[in-house]
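Keep in mind the model is a prediction, meaning the values are calculated, not measured. Throughout, protein chains are lettered first and strands after them, A, B, ... in sequence-line order, and every chain is numbered starting at 1.
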Protein chains: 4
Amino acid sequence: MRYTDKRCDIMEAALELIAEHGFHGAPMSDIAEKAGVAAGTIYRYFESKDILINELNQELETIVSSLLLEEFPEGGTVQERFCHVVRALFRYFIDHPLQFRFMEQYSYSPYGVSRRRDKLLGIRGDADRQLFRMAIEEGVAEATLKNFPVMVLCGLAFGPMVSLVRDHILGFIHLDDVLIDRITEACWDAVKR
Amino acid sequence: MRYTDKRCDIMEAALELIAEHGFHGAPMSDIAEKAGVAAGTIYRYFESKDILINELNQELETIVSSLLLEEFPEGGTVQERFCHVVRALFRYFIDHPLQFRFMEQYSYSPYGVSRRRDKLLGIRGDADRQLFRMAIEEGVAEATLKNFPVMVLCGLAFGPMVSLVRDHILGFIHLDDVLIDRITEACWDAVKR
Amino acid sequence: MRYTDKRCDIMEAALELIAEHGFHGAPMSDIAEKAGVAAGTIYRYFESKDILINELNQELETIVSSLLLEEFPEGGTVQERFCHVVRALFRYFIDHPLQFRFMEQYSYSPYGVSRRRDKLLGIRGDADRQLFRMAIEEGVAEATLKNFPVMVLCGLAFGPMVSLVRDHILGFIHLDDVLIDRITEACWDAVKR
Amino acid sequence: MRYTDKRCDIMEAALELIAEHGFHGAPMSDIAEKAGVAAGTIYRYFESKDILINELNQELETIVSSLLLEEFPEGGTVQERFCHVVRALFRYFIDHPLQFRFMEQYSYSPYGVSRRRDKLLGIRGDADRQLFRMAIEEGVAEATLKNFPVMVLCGLAFGPMVSLVRDHILGFIHLDDVLIDRITEACWDAVKR
DNA sequence: CATGAATGAGCGTTCATTCAT
DNA sequence: CATGAATGAACGCTCATTCAT
């Protein structure tokens with residue numbers, strides 16, 4: 001028996017179906033079938049559909065988080081750190097469209113809103129966010145960046161990425177490494193003083 | 001007479017409930033009640049819930065479209081035209097959070113994807129988009145803008161707006177006219193050569 | 001129009017199935033089928049299965065209550081009033097075995113316990129209970145009855161009835177009017193001083 | 001060895017949970033957990049949940065039966081024997097509310113009905129019942145008791161007890177030894193000629 | 001045209017029971 | 001013998017849609 005990790009199977013099936021059809025287009029029965037388990041089995045691993053969805057999102061966030069920490073240029077300039085994060089997210093999501101579609105849907109649902117609120121209130125804080133936030137605050141302090149609230153600078157940094165990754169995944173544009181680098185530079189132009 | 005009172009009532013009720021509770025948190029019966037009509041009556045105006053949602057989105061797009069055409073500085077510089085559009089969208093959505101929440105949900109759902117595809121394939125095209133596209137193509141041609149595909153420039157222009165309007169509506173930041181103007185300038189920095 | 005045909009059909013079907021098979025042996029789908037309606041239709045009349053059950057019990061209590069008030073010998077002796085109630089309950093339940101089986105199950109379920117508690121706390125009080133209670137208190141005061149708490153006297157009065165009606169319905173004994181009268185007298189012997 | 005530790009643990013757990021939450025509020029998994037065994041283990045001792053419940057009831061009946069035989073005044077008067085049984089049941093159930101709640105639920109469920117039927121048809125007969133029955137028949141024969149069928153006299157004897165023990169357990173009244181003795185006397189008044 | 005009662009497929013979830021280990 | 005993960009039928013309930021009035 002090679003694939004005995006049922007929990008993973010279920011999460012993968014959920015990821016795929018929800019990414020493709022949305023939360024409501026992915027009934028537990030379909031998830032179970034795709035995961036190769038019985039419907040009731042899911043409930044041994046996740047108390048409810050909501051909890052499955054939340055845990056899946058949390059796991060994806062953790063993966064993204066650790067990805068950003070890898071090769072993070074901690075001693076680099078503000079620009080280097082800023083562009084590292086933007087570029088890394090671009091590449092990760094382009095390589096992982098299901099993850100992107102899922103997280104996108106999650107963040108636009110009631111789930112995401114309350115989670116977002118928790119994070120902002122400091123109830124939750126990931127290391128990667130701290131590092132990025134510090135880079136930004138440093139940039140503002142030393143007048144490398146425009147004097148905006150952190151959240152505005154985040155919007156300028158990630159807004160285009162979200163929008164463009166989506167267009168890429170839907171096939172409306174094609175983003176290659178060269179283009180990603182150039183777009184990342186453009187985002188830097190938006191925030192730099 | 002296509003746009004009767006009842007039709008409008010239904011669309012308004014749908015807008016409000018869907019913006020607030022999502023597509024699946026807004027049953028037809030609730031929409032009917034809020035609109036002051038019987039459940040069956042909705043089906044005289046809209047063949048199905050899906051069609052209601054699609055038509056509602058279309059109407060909102062039309063409204064936004066005509067808004068952008070108003071006071072469009074047709075003879076102005078590329079920068080003037082670009083910033084007009086960004087700023088106008090910022091202001092409209094901040095003043096119309098229900099419309100924003102609805103369109104946001106729509107665009108992240110399966111509905112939005114196919115619609116988007118239609119548009120790009122030229123099946124649908126709004127006047128405002130033509131004007132904005134022309135401004136951008138002009139800017140690229142005259143080397144005012146960075147040499148990116150139009151869609152990338154759109155991402156750089158509107159990505160931050162979508163992200164920041166959302167944060168504003170959720171109460172995470174407060175956008176006033178001064179800040180909007182400064183952010184719009186920052187978006188311009190991203191796209192200008 | 002509160003008591004439509006369908007509402008009655010549903011209540012009757014529920015009464016019959018629950019009396020026969022218990023709360024858990026009577027799924028909503030069976031009730032619907034027996035009532036000749038679709039499953040969803042039940043929920044137009046009753047918010048939930050629990051509420052259906054509670055309303056059914058309440059209705060049966062009301063019927064029993066008004067039955068006891070009919071021909072109640074208000075000016076009679078304590079004995080006359082006591083025996084009227086015991087005898088009337090005997091006869092009603094023997095003629096209405098489904099009602100008996102339902103109420104029996106109800107009173108032994110969590111539903112019944114809290115309802116009972118409410119009644120005793122005076123949150124709910126039916127006219128018939130008041131009359132019976134008054135007769136008993138009068139009997140105790142004038143030393144016609146043994147000096148027991150009211151509840152003990154009720155136990156002596158109704159305990160045998162519940163037990164014997166049940167045996168009758170199950171076919172273990174046959175109660176006719178003569179026997180009922182004699183048993184009622186025996187209950188009187190238990191309570192009288 | 002038929003009555004192993006595990007078997008007892010399971011029965012005790014079942015008794016407690018069913019008494020408290022009813023048959024349907026006591027899943028096998030909960031019973032297993034409370035008994036400190038795996039869910040599957042229960043099925044080594046009991047073929048099914050129904051059988052577990054039936055055997056539990058049977059065991060409780062046996063315990064009650066032997067209790068009644070203890071100190072049974074075999075040579076005493078009919079009254080002594082009658083009152084002994086009534087009083088002993090009162091006391092046992094007041095001291096063992098879980099047992100009472102279980103047996104009550106059992107007897108009002110489909111389980112209880114068929115069991116009752118078996119008993120009356122003579123398929124099952126416990127020694128205690130024989131003794132009580134004999135006392136009653138003797139009383140009827142010698143005209144100490146009213147001339148009722150045995151089952152009616154049982155109803156008069158035990159109906160009040162069941163009703164009042166229940167009220168005691170639910171906290172609606174408090175039965176102490178003095179009150180129990182007096183109530184037992186009252187039951188005797190009901191059956192004696 | 002408008003109504004709203006009725007429908008029934010489909011949902012998330014539970015749990016008695018099985019069986020490979 | 002004991003385990004507990006897995007099963008899947010069955011439950012209570014929702015809601016988009018229909019149609020007799």
Nearest-Å distance for atom pair CD1/P, residues B:Ile10 and F:dA16: 14 Å
Length of the line joining B:Phe23:CZ and F:dC15:C1', which is rounded to integer Å: 17 Å
Rounded distance in Å - CD1 (B:Ile53) to P (F:dC15): 14 Å
Please state whether the phosphate of E:dT13, meaning OP1 or OP2, lies under 4.0 angstrom from any side-chain nitrogen or oxygen of A:Lys49. no
Which residue lies toward the 5' end of DNA chain E, A:Asp30 or D:Met28, if each is placed at its nearest nucleotide? A:Asp30
Rounded to whole angstroms, how far apart are CD1 on D:Ile31 and P on E:dC15? 11 Å
In the strands shown, is E:dC11 matched to any nucleotide by a Watson-Crick or G-U wobble pair with both distances under 3.5 Å, and which? F:dG12
On DNA chain E, check which nucleotide each of A:Ala26 and C:Ile42 is closest to and give me the residue with the more 5' one. C:Ile42
NZ of A:Lys6 versus P of F:dG4: gap in Å, rounded? 16 Å
Answer yes or no on whether A:Arg166 is positioned over the face of B:Tyr108, meaning its NZ or CZ is under 6.0 Å from the six-membered ring centre and within 45° of the axis. yes
B:Arg44 or B:Ser29: which one's nearest nucleotide on DNA chain F is closer to the 5' end? B:Ser29
Using atom C1' in both nucleotides, what's the gap between F:dT21 and E:dC1 to the nearest angstrom? 13 Å
Whole angstroms only, please: what is the CD-P distance between B:Glu33 and E:dT3? 13 Å
What is the distance, to the nearest angstrom, from the NE2 atom on B:His21 to the P atom on F:dT14? 16 Å
What is the separation between atom CZ on C:Phe46 and atom P on E:dA6, rounded to the nearest whole Å? 12 Å
A:Tyr45 side chain, from C-beta outward: closest of F:dA6, E:dT13, F:dC13: F:dA6
For D:Ile31 and D:Ile42, work out which heavy atoms get closest and say how close. CG2-CD1, 4.0 Å
Output for pair (B:Gln99 CD, B:Leu15 CG), nearest 0.5 Å, gives 5.0 Å
Would you name the heavy atoms of D:Ser48 and D:Tyr43 that are closest together and state the gap between them? CA-CE2, 4.0 Å
Would one find a side-chain N or O of B:Tyr43 under 4.0 angstrom from OP1 or OP2 of F:dC19? no
Which base, if any, makes a Watson-Crick or G-U wobble pair with F:dG4, both distances under 3.5 Å? E:dC19
Can you tell me which nucleotide in F:dT3, E:dG12, F:dG12 comes closest to the side chain of A:Pro27? E:dG12
Within the distance-only criterion (no hydrogens, no angle test), does the side chain of C:Thr62 pair as donor or acceptor with the backbone N or O of C:Gln58 below 3.5 angstrom? yes
DNA chain F: 5'-proximal contact among B:Thr41 and A:Thr41 (nearest heavy atom): A:Thr41
